[in-house]
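Naming convention: chains lettered A, B, ... in sequence-line order (proteins, then strands); numbering from 1 in each chain.
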Amino acid sequence: MDIINNLMIGFATALSPANLAYCFMGVLLGTLIGVLPGIGPVSAIAMLLPATYALPPVASLIMLAGIYYGAQYGGSTTAILINLPGESASVVTTLDGHQMARQGRAGVALATAALASFFAGTIATLILALFAPPLATLALKFNSHEYFSLMVLGLVGSIVLASGSLLKGVGMVFLGLLLGCVGTDVETAKERFTFGIPELSDGFGFVILAMGIFGLGEVIRNLEDQRVREVVSRKIAGLMPTRTDLKRMIGSSVRGTALGSVLGVLPGGGAVLASFAAYSLESRVAKPPEGFGNGAIEGVAAPEAANNAGAQTSFIPMLTLGIPSNPVMALMIGAMLIQGIQPGPLVIQQQPGLFWGIIASMWIGNMMLLVLNLPLVGMWARVITAPYHLLYPAILVFSAIGVLTISNKEVDVYFMALFGVLGYVFAKLECEPAPLLLAFILGPMMEENFRRAMQLSQGDPTSFLTRPISATLLVIAVLGLLTAISPAISRKREEAFKEQP
Amino acid sequence: MPNPHKLACVTLAVLSLGMATAASAAYPEKPITLIVPFSPGGASDQAARALAAATSARLGANQIIVVNKDGAGGLIGSSEVYKAKPDGYTLLLARVATHTTVPAVREVPYDPMNWAVLGMLETNPVTCATSKDKPYKTFKELIAAIKASPEKITYSSAGPGTILHLAAVMLIEKSKIGDPQKIATHIPYKGGGPAALAAVKGEVDFVCQSYNEMSAHIKSGALRALIVLGNERLADVPDAPTSKELGIDGMEIAVGWSGLMGPPGMDPEAVKFWVSLLGEVKNNKAWQDGVKRLGSVPSIWSPAETVSFMKNALEKMKQIAKELGIKL
Amino acid sequence: MRNPKDFWAGLLFLGIGGAFIAVALAGGYELGSARRMGPGYFPVWLGGGLSLTGLMLAWRGLATSGAPIGRWALMPLGLVTLGTILFGLIVNVAGLAPAIVVLVLLAAFASIHFRVSQAIALAVGLAAISVLVFIKGLGITVPVMPHVLGY
C-alpha cells in the first residue's frame with residue numbers, strides 16, 4: 001500500500017539520529033518557553049527561528065514543528081496550574097483544568113492533557129497521512145459565506161459555555177463582540193473606539209485580554225479572603241489518572257480529536273474554534289458527576305485533544321497548498337522559503353522525504369512530549385502547593401513580561417492591568433468570562449465575513465442558504481440555539497453547571 | 001515630561017568626565033535594534049532577517065537584533081524609530097506602506113521624507129493574477145471582461161489605501177475603461193495573505209500584489225500571473241508581460257519595497273558605516289540568493305537614488321489618491 | 001434590591017452598551033443598511049443588545065433574590081493594578097530589574113503574610129531569574145537596569 005510506503009519513507013527520515021535530536025530539542029525548548037505565561041507558539045517560534053537557519057531543511061522544519069506543539073503543550077500547563085491561558089486554545093482548558101488543580105488534582109489534569117494530546121496527535125498524524133490532499137480542498141471551499149455561518153455556529157456554542165445564568169452568558173457574548181469591534185474596520189479602514197490611541201488601531205490583543213481577565217482577575221480574587229480560604233488544596237490527590245479517569249477521557253478525546261482535525265484545516269479561524277467547539281460539544285454529550293466547570297476531566301481531555309489535532313491538521317493547507325492557516329504556519333512558510341523549499345502541491349512529489357518526514361516526526365514529537373512531561377507532572381503539581389503569597393508575585397511578573405514580549409509595547413501591560421480589574425469585577429458579579437473571550441475572537445471575523453459576503457453576492461441575504469456548506473452550518477446553529485433556549489434543556493444545563501461553591 | 005533617558009545620559013556623562021576614552025570607540029559598539037513595523041513572517045520581516053544574517057559576520061558581537069513592533073499599518077514601529085535617539089542604534093525596516101502608500105492617503109505622525117535614508121534593500125514587483133479556473137488568460141481579456149460587465153468583476157486587497165488597492169485602481173484608470181473605483185468592485189481583506197487566498201479560491205476575480213507574497217500560488221499553478229507592473233519582466237514568471245510592454249506607462253511606482261532608515265539627524269559616522277556596509281551586502285552572493293528565493297529582487301541602492309525614487313513615488317501616489325478621492 | 005449580583009451586572013452591561021452606542025454615534029460611524037453595513041452598524045446593534053440584556057438582568061436583580069456580593073478586596077485590587085501599571089512605566093525607561101522589584105514589592109504587600117525581608121528576597125530572586133531567562137536567554141530587548149548603574 002502506498003500509505004505504508006510513504007510512512008516508511010517518513011520514519012526513515014524522522015528516525016535518523018540527527019533529526020531525532022532536533023525533534024527533541026524543538027519539543028523541549030517549545031515546552032520550556034510555552035510554560036512561560038503569555039508566550040505562545042507564535043512568539044516561541046519567532047524567537048527561535050534564527051536558530052534554525054543553519055540547519056538542513058528537514059531538520060529545521062522538524063525542529064520548528066516540535067517547538068510549535070511543545071509550546072502549545074507548555075501553554076496548557078500554565079493554564080491548568082495558575083489559570084493563565086497563554087493563547088486562545090488554552091482558555092477552555094482553564095475552566096475545568098484549573099478547578100482540578102485547586103482540588104489537588106493538578107497532576108491528573110496535566111497527565112490528562114498530555115495523554116489526550118498524544119492520542120489526538122496519533123490520530124491526526126494518521127489523518128494527515130491518509131487524507132491530506134482531499135482535506136486540503138475543504139480549505140478552498142470555505143469562502144466568506146461559509147466562514148460567517150461557521151462563526152454563527154461558534155457563537156451559539158459560546159452561550160452554552162456559560163455556566164450559571166443564561167442571561168449573563170448572553171450579556172458576556174455581546175460584551176465580547178463589542179470589545180472585538182475596537183480597532184480598524186477592515187472594509188472602510190475607519191478606526192472604531194480607538195480614541196486616537198495608535199496602539200488600539202489593531203484592537204486589543206487576545207492574550208492580553210485573556211491574561212488580564214483570567215490571570216490577574218484570579219490573583220486579585222484569591223487575595224480577597226486569605227484567612228478563610230486556602231487557594232489550592234495542599235494535599236495532592238494522586239498524580240496519575242485512575243482507571244475511571246481514563247475511561248471518562250476516552251470518549252471526550254475521540255470527539256475532541258474529530259472536531260479539531262476538521263476545524264484545524266480551515267485557514268483563519270478554524271483552529272481557534274477547535275478547543276471551544278470541543279468543550280461546547282462535550283458539555284452537551286458527556287455527563288460528568290461533578291458537572292462542567294467544577295473540575296470535570298472531560299473538560300480537559302476534549303479541548304486538549306481538539307487543540308492538538310487542530311495544530312497538526314493546520315499543516316495540511318500549508319504543506320499541500322502553501323496556505324498559512326494561522327500565524328505559526330506563516331512563519332513556517334517563511335522558514336521553508338528561506339531553506340529554498342516552495343510550499344505547495346509540489347512538495348509531496350518532489351520532496352517526499354521532507355513531507356512524510358515532517359508527518360512522521362510529529363508523531364515522534366508527540367511521543368517525546370509525553371515521555372518528557374509525564375515525569376514532570378509531579379514537579380509541576382508541587383509548584384502550585386508552594387505558599388500562595390510567594391507564588392502570586394511570580395505569576396504577576398511572568399504575566400507582565402509575557403505580555404510585553406508579544407509585540408514589545410508597554411501599553412499592552414496597562415491594558416492587561418485594566419482587564420485584570422474587569423476580571424475581578426466579573427468574578428464578584430459571577431459573570432463567566434469564557435463566552436466573552438470566544439465572542440471576542442469570533443466577532444471581528446463574523447462581521448468582516450458577513451459584510452464581505454453581502455458585498456460579493458450583491459446584497460442578497462439568501463446566498464447564505466443557497467450555498468450547501470453555509471446552509472448546513474446555519475441549520476446546525478439554529479438547532480443548537482433552539483435546544484439552548486428551550487426550557488427543559490436549559491434546566492438540564494443549569495444542573496450541569498451547578499454554581500460554584 | 002523630562003526624558004529619563006537623557007537624564008541618565010547626563011548623569012553618566014558627568015560621572016565619566018575624566019575618562020574620554022569611551023567617546024573614541026568606533027560605531028557600532030553595541031548591538032543594533034532593527035525595528036520591523038509589521039508582524040513576524042511577512043515580507044518586511046524576511047527582509048530584515050536576511051539583512052541581519054548577511055551582516056552578522058561583519059558586525060561580530062554587535063549584531064542586528066530584529067524586533068517586530070507591528071500595528072496601525074506600520075505606523076507604530078515607524079513613529080517609534082522616528083522619535084528614537086539618532087545614535088544609529090535604532091533603525092527602521094521601512095516599507096512601501098510606511099513611506100509611500102499610507103502617507104499618501106492619510107495623516108502620519110512623521111514626515112516620510114525626513115529620515116536618515118541608508119539605502120534601498122529589496123523591491124517586490126507587483127503582479128496581477130487570477131485563479132487558474134477563471135477564464136481570463138491575458139490581461140487584455142481581464143480588462144475586456146471588466147468593461148463588458150461593470151461592477152461584476154471583483155478584486156481583493158489588504159484594505160483601502162494599501163498598495164494592492166492603489167495598484168489595481170491605477171491600472172484600471174490607465175486602461176481608460178471607466179470610473180476606476182466603480183467599474184470593478186474592490187473587496188478588502190484583513191491582510192495580504194487572505195487577499196491572495198481569496199483569488200486562489202476564486203472568491204474574487206483577481207488580485208494585484210507583490211509577487212513574493214504570491215509566489216507559492218503562482219509556482220504551483222493555482223494562480224495565473226497576467227501582468228507584471230513596471231518595466232522589467234520577472235525571472236520567475238517569464239511569460240507574464242510588463243505593463244510597459246502593454247502600453248501602460250508609469251506603473252513602476254506601484255512596487256513593494258523594503259529600505260533601511262534611521263531617525264532624522266542620525267549620527268553621520270553611523271550613516272557612513274551603513275552606506276558602506278550595504279555596499280558590501282550588495283555583492284554578497286548568499287544574501288542575493290536568499291532574497292531571490294523569497295521571490296524578491298535584490299536592490300541595494302544608494303541613499304540618493306532611494307530618496308529620489310521615494311520622492312517621485314510619494315508625489316505620484318498622493319496625486320493619484322487626490323484625483324481618485326481616496327482619503328482615510 | 002434583592003439580588004445585587006444580577007442588578008449590578010445588569011447596570012454594568014447597560015452602561016458599557018450605552019457607552020459603545022454613544023461613541024459610535026458621536027464618532028460619526030456610518031450605519032449603512034443590513035445589505036451594505038457601515039462601520040457603525042454592527043457595534044450599534046451589539047450595544048443595543050448588551051443594553052437590553054443589562055436592563056433585563058437589572059430588573060431580575062430587583063425581582064428575584066440572591067446572595068450578596070461580599071466585601072471588595074480593594075487593597076489587593078489597587079496594589080496589583082498599580083504594580084502592573086508601574087511595571088509598564090518603568091520597564092523601558094529604567095529596566096527590567098527595577099520594574100520587577102517595584103511590582104513584586106507592591107503586590108506582595110497585598111498579602112496578609114507580607115514580610116519585608118521575604119518580599120525583598122523574592123523581588124531580587126525573580127528579577128535575577130527574569131533577566132537570565134528573558135534577556136540573556138530569549139534575547140528580548142529591554143534594558144536590564146538604569147544606564148547610570150552602567151550594566
Per-residue contact mode, [X] against chain A (heavy atom under 4.5 angstrom):
| X | answer |
| --- | --- |
| C:Leu103 | side chain |
| C:Leu89 | both |
| C:Phe13 | side chain |
| C:Leu46 | both |
| C:Ile85 | both |
| C:Phe20 | both |
| C:Leu105 | neither |
| C:Arg60 | side chain |
| C:Ala119 | neither |

Does any heavy atom of chain C fall under 4.5 Å from the side chain of [X], the backbone, both, or neither of them?
| X | value |
| --- | --- |
| A:Met416 | side chain |
| A:Val403 | neither |
| A:Arg451 | side chain |
| A:Glu448 | neither |
| A:Leu404 | side chain |

To the nearest 0.5 Å, how far apart are [atom1] in [X] and [atom2] in [Y]?
| X | Y | atom1 | atom2 | value |
| --- | --- | --- | --- | --- |
| A:Leu438 | A:Met172 | CG | CE | 12.5 Å |
| A:Phe440 | A:Leu175 | CZ | CG | 10.5 Å |
| A:Leu84 | A:Met211 | CG | CE | 5.5 Å |
| A:Ser399 | A:Phe214 | OG | CZ | 13.5 Å |

**Request:** Pick whichever of A:Val173, A:Leu32, A:Leu396, A:Thr405 has the most heavy-atom pairs under 4.5 Å with chain C.
**Result:**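 Of the options given, most contacts go to A:Leu396.
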**Request:** Using a cut-off of under 4.5 Å on heavy-atom pairs, state which of A:Leu167, A:Leu178, A:Val413 scores highest against chain C.
**Result:**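 Ranked by contacts with chain C, first place is A:Leu178.
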**Request:** Return yes if a side-chain donor-acceptor contact under 3.5 Å exists between A:Tyr388 and A:Asn222, otherwise no.
**Result:** yes
**Request:** Answer yes if the side chains of C:Tyr41 and A:Glu447 hold a donor-acceptor pair under 3.5 Å, and no otherwise.
**Result:**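 Looking only at side-chain atoms, A:Glu447 and C:Tyr41 do not form any donor-acceptor pair under 3.5 Å.
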**Message:** One thing to verify: whether A:Arg221 and A:Glu224 come together as a salt bridge, which I'm taking to mean a side-chain N less than 4.0 angstrom from a carboxylate O.
**Reply:** no
**Item:** A:Lys409 bridged to A:Glu199 by N-O distance under 4.0 Å
**Value:**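 No, A:Lys409 and A:Glu199 are not salt-bridged.
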Residue selection (most heavy-atom pairs with chain A, distance under 4.5 Å) from [options]:
| options | result |
| --- | --- |
| C:Val104, C:Ile129, C:Leu57 | C:Leu57 |
| C:Gly27, C:Ala24, C:Gly54, C:Gly17 | C:Ala24 |
| C:Thr81, C:Leu50, C:Thr84 | C:Leu50 |
| C:Ala9, C:Pro39, C:Gly47, C:Gly32 | C:Pro39 |

**Request:** Hey, can you tell me if A:His389 and C:His113 have their rings parallel, tilted or perpendicular (30° and 60° cut-offs)?
**Result:**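 Tilted.
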Polar side-chain atom of [X] near backbone of [Y] as donor-acceptor pair, under 3.5 Å:
| X | Y | answer |
| --- | --- | --- |
| A:Lys168 | C:Gly10 | no |
| C:Tyr29 | A:Lys190 | no |
| A:Thr78 | A:Val35 | yes |

